[in-house]
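The structure under discussion appears below in the form of structure tokens.
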Amino acid sequence: MSSRCRSAIRLLQIPSALPVRLTAARGYGAGSQYQYIIVEKKGEKQNVGLIQLNRPKALNALCDSLMRELNQAVETFEDDPEIGAMVLTGSERAFAAGADIKEMQDRTFQECYRGNFLSHWNRLTLAKKPVIAAVNGFALGGGCELAMMCDIIYAGEKAQFGQPEILLGTIPGAGGTQRLTRAVGKSLAMEMVLTGDRISAQTAKEAGLVSKVYPVSEVVEEAIKCGEKIASNSKLITAIAKEAVNAAFELSLTEGNRLEKRLFHMTFATKDQKEGMTAFVEKRKAVFSNQ
């Protein structure tokens, strides 16, 4: 076995972390506690929800409990009328180094098939509010897939993206073969999936996987600034716009244009469209009511 393969397998086969201390979700009720994530409100108007993966000893390996906590946090922010966008991040060393291999290694086909294993990992993709991934360090396997479930990816200059499941005798199972191919094209996606090789933040940007690259210490703050900019717009219209862009991955150009036109027409039934256009004509800042 080559040194590259041994290195990749060592990275993915990380021992499950000892439970880290419970961290209260600041800004929420005293009973809101998580074991594997930290949740805060950010921005000058406290209108950006920040979710930080917090399994430092396991490089934020994605165990089932962490993913359930992440889903809970996303739902909490979805229900919070003050929040207009979310930022998902990890540590400077790792966004998420992959799924927890020890948690998966003894599963059988029957268990996976009957239980629809990993199906609840897609909850993030159902969020109506935009989610920005702020990626530092390793985003490998499930970590890369999790980043791709977000709507926008900002990367630190030392970030690495990869789908090394092939080195463990399996394939991506949380959208890696599908979202990566749509993001970077068939050739690069096929190379990454079949070799397990990683790409740098700059290569990811050039390929279209990442929209911006920042110094490691700045990427989270820049993602929060982007979230604040998004949150300053109508939350209702933002959700409609997100639906329209996501449809481009599912529909033909003709069908997509038809849907876009219908959604565009729908905005004229909202108070925010009237306010936005009136404010423009009156040369003032729009005050949206999200209606």
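Note that these values count all heavy atoms, side chains included, but never hydrogens, waters or copies made by symmetry.
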Using side chain to side chain contact (heavy atoms under 4.5 Å, CB included), reason through V74 and V131 one step at a time and then give a plain yes or no. CA-CA 9 Å; V74 169; V131 184; 5.8 Å; no
With heavy-atom distances below 4.5 Å as the criterion, would you say the side chains of [X] and [Y] are in contact?
X: I153; Y: I132; result: no
X: R198; Y: F138; result: yes
X: L62; Y: W121; result: yes

Pair [X] + [Y], salt bridge at N-O below 4.0 Å:
X: E228; Y: K225; result: no
X: E243; Y: K128; result: no
X: R284; Y: E275; result: yes

So if you build clusters from Ile, Leu, Val, Met, Phe, Trp, Tyr with side-chain heavy-atom gaps below 4.5 Å, do L209 and L88 land together?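 Shared cluster, yes.
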Compute the centroid of each ring, for Y154 and then for Y214, and state whether the two points are separated by less than 6.0 Å.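 Ring-ring flag for Y154/Y214: true, centres closer than 6.0 Å.
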Side-chain ([X]) to main-chain ([Y]) donor-acceptor, under 3.5 angstrom:
X: E69; Y: Y36; answer: yes
X: D197; Y: E191; answer: no
X: E218; Y: P215; answer: no
X: T238; Y: S234; answer: yes
X: N136; Y: S91; answer: no

To the nearest 0.5 Å, what is the distance between [atom1] on [X] and [atom2] on [Y]?
X: F268; Y: T270; atom1: CZ; atom2: OG1; result: 8.5 Å
X: T89; Y: N54; atom1: OG1; atom2: CG; result: 11.5 Å
X: E145; Y: T177; atom1: CD; atom2: OG1; result: 8.0 Å
X: L140; Y: F95; atom1: CG; atom2: CZ; result: 11.5 Å
X: R55; Y: N60; atom1: CZ; atom2: CG; result: 8.5 Å
X: E78; Y: E75; atom1: CD; atom2: CD; result: 8.5 Å

CD of E44: more than 12 outside heavy atoms within 6.0 angstrom?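 No, the 6.0 Å shell around CD holds no more than 12 heavy atoms from other groups.
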NZ of K158: more than 12 outside heavy atoms within 6.0 angstrom?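 It does not: K158 NZ has 12 such atoms or fewer within range.
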Please say which of K129, Q46, K41 ends up in a side-chain hydrogen bond (donor to acceptor under 3.5 Å, both in side chains) with D80. K41
Donor-acceptor pair between E255 and S252 side chains, under 3.5 angstrom: yes
Closest contact, heavy atoms only, K235 versus P81: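 In terms of heavy atoms, the two residues are closest at CE-O, 3.2 Å.
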